[in-house]
Amino acid sequence: MTASSDSNTFSPDTAGVNMMAWAEDLFPICRSLTGAGVRQTLDYLEERLPGLKRHSIASGEPVFDWQVPPEWNITKAYIEDEAGNRVVDFADNNLHVVGYSEPIDRRMSLAELQDHLHSLPERPDWIPYVTSYYARRWGFCLTDRKRSALTEQTYHVVIDSSLSEHGQLDYADYLIKGRCSKEILFSTYICHPSMANNELSGPILALALAQWLSSKDDLRYSYRFVFSPETIGAIVYLSRNLNTLQSNVLAGYILTCVGDERKYSFMPSRYGNTLADRAAKHCLHHYVGNYEAYSFLERGSDERQYCAPGIDLPVASVMRSKYWDYPEYHTSADNLSLITAKGLQGSFDVYGKIIDLLENNYFYTVQVLGEPQLGKRGLYPNTSKRGSANAVRNLTNVIAYADGSNDLIALADRVQLSANDVMAHLSPLLAEGLVSAVDGETNIRG
Amino acid sequence: MTASSDSNTFSPDTAGVNMMAWAEDLFPICRSLTGAGVRQTLDYLEERLPGLKRHSIASGEPVFDWQVPPEWNITKAYIEDEAGNRVVDFADNNLHVVGYSEPIDRRMSLAELQDHLHSLPERPDWIPYVTSYYARRWGFCLTDRKRSALTEQTYHVVIDSSLSEHGQLDYADYLIKGRCSKEILFSTYICHPSMANNELSGPILALALAQWLSSKDDLRYSYRFVFSPETIGAIVYLSRNLNTLQSNVLAGYILTCVGDERKYSFMPSRYGNTLADRAAKHCLHHYVGNYEAYSFLERGSDERQYCAPGIDLPVASVMRSKYWDYPEYHTSADNLSLITAKGLQGSFDVYGKIIDLLENNYFYTVQVLGEPQLGKRGLYPNTSKRGSANAVRNLTNVIAYADGSNDLIALADRVQLSANDVMAHLSPLLAEGLVSAVDGETNIRG
Amino acid sequence: MTASSDSNTFSPDTAGVNMMAWAEDLFPICRSLTGAGVRQTLDYLEERLPGLKRHSIASGEPVFDWQVPPEWNITKAYIEDEAGNRVVDFADNNLHVVGYSEPIDRRMSLAELQDHLHSLPERPDWIPYVTSYYARRWGFCLTDRKRSALTEQTYHVVIDSSLSEHGQLDYADYLIKGRCSKEILFSTYICHPSMANNELSGPILALALAQWLSSKDDLRYSYRFVFSPETIGAIVYLSRNLNTLQSNVLAGYILTCVGDERKYSFMPSRYGNTLADRAAKHCLHHYVGNYEAYSFLERGSDERQYCAPGIDLPVASVMRSKYWDYPEYHTSADNLSLITAKGLQGSFDVYGKIIDLLENNYFYTVQVLGEPQLGKRGLYPNTSKRGSANAVRNLTNVIAYADGSNDLIALADRVQLSANDVMAHLSPLLAEGLVSAVDGETNIRG
């Protein structure tokens, strides 16, 4: 473990650097839906997030329309030529083996082997990432350059893996209690072997946000972090926590593909109109500017489960370069050189803005009839001359729409300011008691 | 009667050819609001649609704000010059006489005659179509070329017509019972003499649709066809069936101007937001592509009555070239050369798509929580690699919005597919019981 | 007083000329929030509007979040150089003194004096308008040309003003009773010294509208006119009449900046969706055409109070060149040469149209089922031929949407006509009893 990742106090300004260090530690681990790699990853997270709750479910358990798969573990795998050279070796890169490959130890011709090989002719130096979770197969992934160099001979193919029906699927969650029981949810996945943007950027951002929020001493909302394998893990988590989540979650986000510097992306919830969507779009618009707005029709991560009919959780996703839409996606080129401290810091900062916005997202209401007299409070220039009215326009606009019908996001949209700027105007008014903040959910004064 | 029109089994693929044959049979008949021509037309329809219900109402009967006009019949009409030549003869073309002309048998100067002549200077070879239903007049319509050739002399003017206060107005309807009593309505008119696009294309399309639907053995909805003179006929029909129609009609269409090949047109209902509008627009968008979307402000057929305040039926209209907007409209040039089997077939096909859509227009709801596991049902590629997720995107999108809140039209719009394509995805899911169809009207499972 | 302003009968066609004459009378008076100038102005209005109700409130009274300021009066003010020349004299232009200047009589150096001088370097020949209502100061405003010419010497500075804590703030209102107690409100302000567009155009338009409406013998609505100092006067008026206004006012307008010819402007209410907004926008669109649509974020007059949270009155504003957005605003150049009889007449006419529209703004409902038979009432051409249907299209469209769900504004928008044109179509139908008018507010037949 590196020293940089063991700091006890969390500084949001250096989150990106911490995250890069964690990514380096976690990158080599061979994760999959189940198995030792997942547990090793959760151990690492737990060290940095005391209080992380570990959970497991037995292979074979039915969950919603699915069944928990057998537990997969692997110790070694290679293809050896007649001269005893390991032409492909899992020890070099854990992408070399198709995920959930069944064991094999057999000699075969190149022709027979070819049916089990996967490569990318258009990217001859990249190893593709392939899995076969729900149909029993075995296979190797390799660069197309190496595959093209294979000659007609007998190869010794070894995969020393196990698929146990008596295994388990591991996952974890972490809850930070705020003043109210309503929750903001962050869900990320821990089931991909050595890939950086998709997937490591997700769990390390979750870890950074969880550390940061844990260091705060007065949170309005509770915050829930979920670390589970993609799809089946989300389904397990939902099947075991559905009532709680449906009762409590006000907004949630899938953390994935948040590590590169190329752009920002937004994936909405099923109808795109939840608090999660509104808060994220406000922050992307005001604090990022340009970003790619995707349709829910283009989704591909755990919003597929969180936003499914009958689940209906308000879950969206702010990403950098989205899965599918960057060339290195699901290949060996999605490595530690693709993500940067700066890219990760950018994602951390946007989610930080979203959290700030949600924490401040009250229905503000001015407490006097007519405009308040700002002058006597030192908030208005007390000489009127040409142009001076413009100087307080934003302040008076904030007051005009602080009518109890707009939450902070709607108020900011009305007055064409960022939520940050609105809060700067509201702060002295809140301090003066000229404006009060009402919780839209519970109608209890904030 | 031609052989082609007497076929007992209906093939939707050759509907256009059948319709053209019917048009040829019906074209020569001199129809008007009332009289022998209307009955002769209904006889023809009844032969091909056993079970057609004939109705009549006596001249003079009050209906809503109107009164049924006297029955008009005509045997002959001509203008004879001094040499005994019939310069205009109703026997040549039944457009030559102004509809509802009172009888006359008198000699007069050209100057006096001119007040009773109608022609089109800008279209010198076309005879215009003119009527005077509610003010007693007589008149002749002729080509402007012929009118210009008239010389100063005494003409013998003969119209052998009758306007009987003891007559009747004839109309008919035809009901096909489906599994539920809710109805889809098609209304068309039978009051124009020899004109093809406006009007014959309407009743022959109604006949084709009625034959086709009668040949089906399992219809969800009931289908009502109305054949009546325009305006006063629709008013009579509504005055006698208003409660039934308001209780039962889910969507209706005026069939008119559906015979040429030039384009497709759409006339919405009064507010443009009924099921009839939504279904028609979906089909025009997905199965036709380009079409002319008119405003209700430009309406001119029986949607004027069906969509009137207090009637408020959900009635729209899909047309080819709309009345008023093609040069031959209401002239002798709107003849059998303007409509084609292909043009009529196109209209039949679009209405067929609308009917298919309505029959399938349930609120689909996925029956499991979270995404269903498509792999175990053979609906998902069981090896995940780069790009394979795209292959099932449409299927998973259909499932995501099959949440019980969208009818088929809304679901198709959400996933940016045609209703046909959505149904192709839904069919195996419905067969598996993974999705159920709920009737939005009655909340009874479909 | 000029003869032109004493006419007993009001002619709307010459309103602009009358208004110009009133402006000339009122221009020289030195108005402020309080004091003799306000009372002199109200005297003038009362002479022309018998029944004007005068009100006052004592200095120091708390109103909402404010306190009524002391009463300010001024008799003379000047700056005299060592040679005894009055280089600046309030007698020349009442803008020369900062509004609410405290008294002073002292000799001082130019350096000390400079801190109390206001000029406009970018407009060297204009005197700026400056006030300091709520902080005790004194000051002079002058052209920058004159200021630059001041030399180092000792000046004698005299302001003979008084700020009385035992004074009062004056305002007035005027109510014209209509058939129903619901009100249309016009509010204008009387607190600016010699400036024409902002402010005199407002009170003289209010006077013209009040005279005109008083001369009418059958008004549907009641009309309320308020003349008060800006901001504090509106707050006083609201604090004393809030329940009445909230119960009765259906639509209201701030009358300000209505005198020049340059353009028309529109300031909406807080959410821009009240009857006041809808009526004004309809009239601006149909009777003016081009106009500048401002956002409520750019407001600056008494809609700040009337539309404040908790007040929530439906108040908008139709202006010519809006305050802040014309160069002469709040300077001596906003004088009688900026406003014209034609400019004022234009504003009078638009407000006249708004009033006509509101008076006619019923929910019209056709009284027969199906389309009425227009022919028997002489409203439809009784010969049908090509194109004749177009001639009555607007009439039938008006009937189609006279379905009881649209008020006049919505109906006019639906049929793409002005309210005037709709009323021209509706008049014979109302006379025939074919259409009835229902009051949307009270559901009593109009």
Side-chain angles (χ1 to χ4, degrees), chain A residues 362-408 410-418 421-422 425-426 428-430 432-438, chain C residues 62-67 69 98-100 118-120 122-123 126 128-137 139 141 230-232 234-239 242 246 269-272 295-313 323-324 327-331 334:
Chain A
Y362 291 97
F363 287 77
Y364 295 99
T365 314
V366 65
Q367 297 298 297
V368 296
L369 287 171
E371 287 193 317
Q373 195 190 358
L374 300 172
K376 68 183 181 191
R377 298 181 173 87
L379 299 169
Y380 199 91
N382 49 28
T383 305
S384 121
K385 54 177 143 175
R386 277 177 107 236
S388 68
N390 282 319
V392 288
R393 185 186 291 188
N394 285 336
L395 172 58
T396 56
N397 284 342
V398 165
I399 292 170
Y401 289 101
D403 60 9
S405 78
N406 298 302
D407 67 3
L408 175 58
L411 173 50
D413 287 349
R414 280 279 172 195
V415 300
Q416 300 174 6
L417 296 174
S418 71
D421 289 343
V422 170
H425 286 299
L426 282 176
L429 306 177
L430 288 160
E432 290 268 358
L434 259 182
V435 166
S436 76
V438 177
Chain C
V63 277
F64 292 158
D65 192 46
W66 299 63
Q67 204 173 16
V98 167
Y100 265 65
H118 304 272
S119 65
L120 297 169
E122 73 280 16
R123 299 286 189 181
W126 297 358
Y129 168 53
V130 180
T131 66
S132 180
Y133 298 135
Y134 297 99
R136 290 290 68 88
R137 283 208 186 80
C141 302
E230 206 176 8
T231 304
I232 184 67
I235 285 169
V236 167
Y237 196 80
L238 286 165
S239 74
L242 189 57
Q246 288 182 335
S269 70
R270 190 160 94 244
Y271 289 100
S295 155
F296 187 72
L297 302 181
E298 300 166 288
R299 74 200 174 286
S301 188
D302 280 334
E303 65 279 341
R304 290 171 60 166
Q305 313 312 324
Y306 286 99
C307 300
I311 306 289
D312 300 322
L313 289 169
Y323 44 85
W324 303 341
E328 303 86 351
Y329 170 73
H330 271 199
T331 76
D334 187 351

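Everything quoted here is computed from the prediction, not taken from an experiment. Protein chains get the first letters and strands the later ones, always in sequence-line order, with residue 1 at the start of each.
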Region of A/V415 in contact with chain C, defined by heavy-atom distances below 4.5 Å: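 Both backbone and side chain.
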Residue A/S405 versus chain C: region with a heavy atom under 4.5 Å: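 For A/S405, the contact with chain C is made by the side chain alone.
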Selection from A/R414, A/E371, A/Q416 maximising heavy-atom pairs under 4.5 Å formed with chain C: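 Greatest number of close heavy-atom pairs with chain C: A/E371.
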Top contributor to chain C contacts, counting heavy-atom pairs under 4.5 Å, from A/L369, A/V368, A/L434: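 The residue among A/L369, A/V368, A/L434 with the greatest pair count is A/L369.
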Rounded distance (nearest 0.5 Å) linking atom [atom1] of [X] with atom [atom2] of [Y]:
| X | Y | atom1 | atom2 | result |
| --- | --- | --- | --- | --- |
| A/K376 | C/Q67 | NZ | CD | 7.5 Å |
| C/D65 | A/Q367 | CG | CD | 11.5 Å |
| C/C307 | A/D403 | SG | CG | 11.5 Å |

Contact check, side chains of C/Y134 and A/L374, non-hydrogen atoms, under 4.5 Å: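 Side-chain contact under 4.5 Å: no.
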Min side-chain heavy-atom separation C/R299-A/N397 under 4.5 Å: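 Yes, side chains in contact.
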Donor-acceptor contact present, side-chain C/R270 to main-chain A/Y401, <3.5 Å: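 No; judged by distance alone, with no hydrogens or angles, the pair does not exist.
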What part of [X] lies closer than 4.5 angstrom to a heavy atom of chain A: side chain, backbone, both or neither?
| X | result |
| --- | --- |
| C/I311 | both |
| C/L242 | side chain |
| C/F296 | both |

Over all atoms of both residues, closest heavy-atom pair of A/A400 and C/P309: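 Closest pair (atom of A/A400, atom of C/P309, distance): O-CG, 3.2 Å.
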Minimum heavy-atom distance between A/G370 and C/A308, given as atom pair plus value: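 Distance-wise, the nearest heavy atoms are CA-CB, 3.7 Å.
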